[in-house]
Amino acid sequence: MKVIIIGGTSGLGRALAGVFLFNKWEVAVTGTRDESIKDFSALYPGVTVRKMDLSDPEKSRKDFLELAEQPGGTDAVIVSAGHFEWDRKTDWEIEKKAIEINALGCAGVLNAAFGYFLKKGSGRLAGVSSIGAIRGHGACPAYNASKAFISNYLEGLRQAAALSGADISVTNVIPAYIAGKEESSARDIFKAVLKKRRNVYTPSRWRFLAALYRNIPDLLHEKMAKWHDRLLKPFK
């Protein structure tokens, strides 16, 4: 069994690569930064690593298909790439970069992977959105909005898979404040992808917290911007 992890050279993606390798999968990863690619290759010298910049969606799609269509193909694809910056002044350059990478770039590769699995007739596809997709955030508006786009896009691909009749599972990965807990989250995600789950919250308690947060009245949500992080601190 083979998996391609987009954004697999650092953070959650690298933890995912480790979990798949531990479970005897063949792994290929992509990364953007030369330093993280070098570090990953030193840690896992036998793993295929390709440089991929999602800010260029058309090239990313081409690079992905070249990787996926190598002899043996691939059985699973996880898009774990993304870009985050605090943007309390709503600077357009910061906002634009988040949209270009998190929405357009990730959707481009997800679309290419879905098309690949349609031709193959089966596959496991997963994309990493965020707990931030639940509501907007005044300190990073485009980040939360772009993750909401990906969450909705994955749902659309899942319905498209059902309509096609192909054996394609689509998993929306919803991490929440996992810094320092990437290994545990990677194990949760691995199990969810194998079980073809539609959604996986990690840590799992955020499934219930997200339901509460989603239904906070708009007026209260706007006012809580001043103490948002203080309120969530006990749950992080």
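All heavy atoms count here, side chains included; hydrogens, waters and symmetry mates do not.
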(request) Compute the centroid of each ring, for Y177 and then for W206, and state whether the two points are separated by less than 6.0 Å. (result)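 Yes, the ring of Y177 comes within the 6.0 Å limit of the ring of W206, centre to centre.
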For the side chain of [X] and the backbone of [Y], is there at least one donor-acceptor N/O pair under 3.5 Å apart?
X: N102; Y: H83; value: yes
X: N152; Y: A148; value: no
X: E182; Y: A15; value: no
X: T74; Y: A76; value: yes
X: R158; Y: R198; value: yes
X: K147; Y: V128; value: yes

Please tell me if the side chains of [X] and [Y] come closer than 4.5 Å, counting only heavy atoms from C-beta onward.
X: Y201; Y: D188; result: no
X: C140; Y: E85; result: no
X: I150; Y: S146; result: no
X: V49; Y: T9; result: yes
X: L157; Y: Y153; result: yes
X: D87; Y: E95; result: yes
X: R124; Y: M1; result: yes
X: K191; Y: V200; result: no

How far apart are the closest heavy atoms of [X] and [Y], and which atoms are they?
X: Y116; Y: E69; answer: CE1-CG, 4.1 Å
X: D75; Y: K120; answer: OD1-NZ, 3.1 Å
X: A107; Y: F149; answer: CB-CE2, 3.8 Å
X: G31; Y: I37; answer: O-CD1, 3.7 Å
X: R214; Y: R135; answer: O-NH1, 3.2 Å
X: A161; Y: S164; answer: O-OG, 2.7 Å

To the nearest 0.5 Å, what is the distance between [atom1] on [X] and [atom2] on [Y]?
X: Q70; Y: I4; atom1: CD; atom2: CD1; answer: 8.0 Å
X: L54; Y: E100; atom1: CG; atom2: CD; answer: 11.5 Å
X: L212; Y: I134; atom1: CG; atom2: CD1; answer: 11.0 Å
X: K181; Y: L12; atom1: NZ; atom2: CG; answer: 12.5 Å
X: C106; Y: N111; atom1: SG; atom2: CG; answer: 12.5 Å
X: T202; Y: I189; atom1: OG1; atom2: CD1; answer: 6.0 Å

(request) Tell me, please, which residues at least two apart from E93 pass side-chain contact (heavy atoms from CB on, under 4.5 Å). (result) D91, K96
(request) Begin from the C-alpha positions of V77 and F114 and carry the test side-chain contact (heavy atoms from CB on, under 4.5 Å) through to its verdict. (result) CA-CA 9 Å; V77 175; F114 186 76; over 6 Å; no
Tell me whether [X] shares a hydrophobic cluster with [Y], the cluster being built from Ile, Leu, Val, Met, Phe, Trp, Tyr side chains joined at under 4.5 Å.
X: L125; Y: L67; value: yes
X: Y143; Y: W86; value: yes
X: L104; Y: L154; value: no
X: L118; Y: L110; value: yes
X: L43; Y: I5; value: yes

(message) Using the rule side chain to side chain contact (heavy atoms under 4.5 Å, CB included), only one of I78, L21, V29 pairs with L16; which is it?
(response)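 When I78, L21, V29 are each tested with L16, the side chain to side chain contact (heavy atoms under 4.5 Å, CB included) holds only for I78.
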(request) Fit a plane to each ring of F20 and F190, take the angle between them on a 0 to 90° scale, and name the class: parallel (under 30°), tilted (30 to 60°) or perpendicular (over 60°). (result)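 Rings of F20 and F190: perpendicular, as their planes differ by over 60°.
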(message) Under 3.5 Å, is there a donor on one side chain and an acceptor on the other for S36 and S10?
(response)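 S36 vs S10: no donor-acceptor pair found between side chains.
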Got a sec: does the [atom1] of [X] have more than 12 other heavy atoms crowding it under 6.0 Å?
X: K97; atom1: NZ; value: no
X: Q159; atom1: CD; value: no
X: E66; atom1: CD; value: yes

(request) Among T30, T32, D63, D34, find the residue that satisfies the side chain to side chain donor-acceptor pair (under 3.5 Å) test when tested with K51. (result)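 The option that passes is D34.
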(message) Tell me which pairs pass ring-ring contact (aromatic ring centres under 6.0 Å, His included) where either residue lies in residues 32-80, with sequence neighbours left out.
(response)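 Qualifying pairs, neighbours excluded: F40-Y44.
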Contacts table for residues 167-175: side-chain donor-acceptor under 3.5 angstrom, sequence neighbours left out:
residue, atom, partner, partner atom, Å
D167, OD1, K196, NZ, 3.1
D167, OD2, K196, NZ, 3.3
T171, OG1, R197, O, 2.6
N172, OD1, S129, OG, 2.7
N172, ND2, S151, OG, 2.9

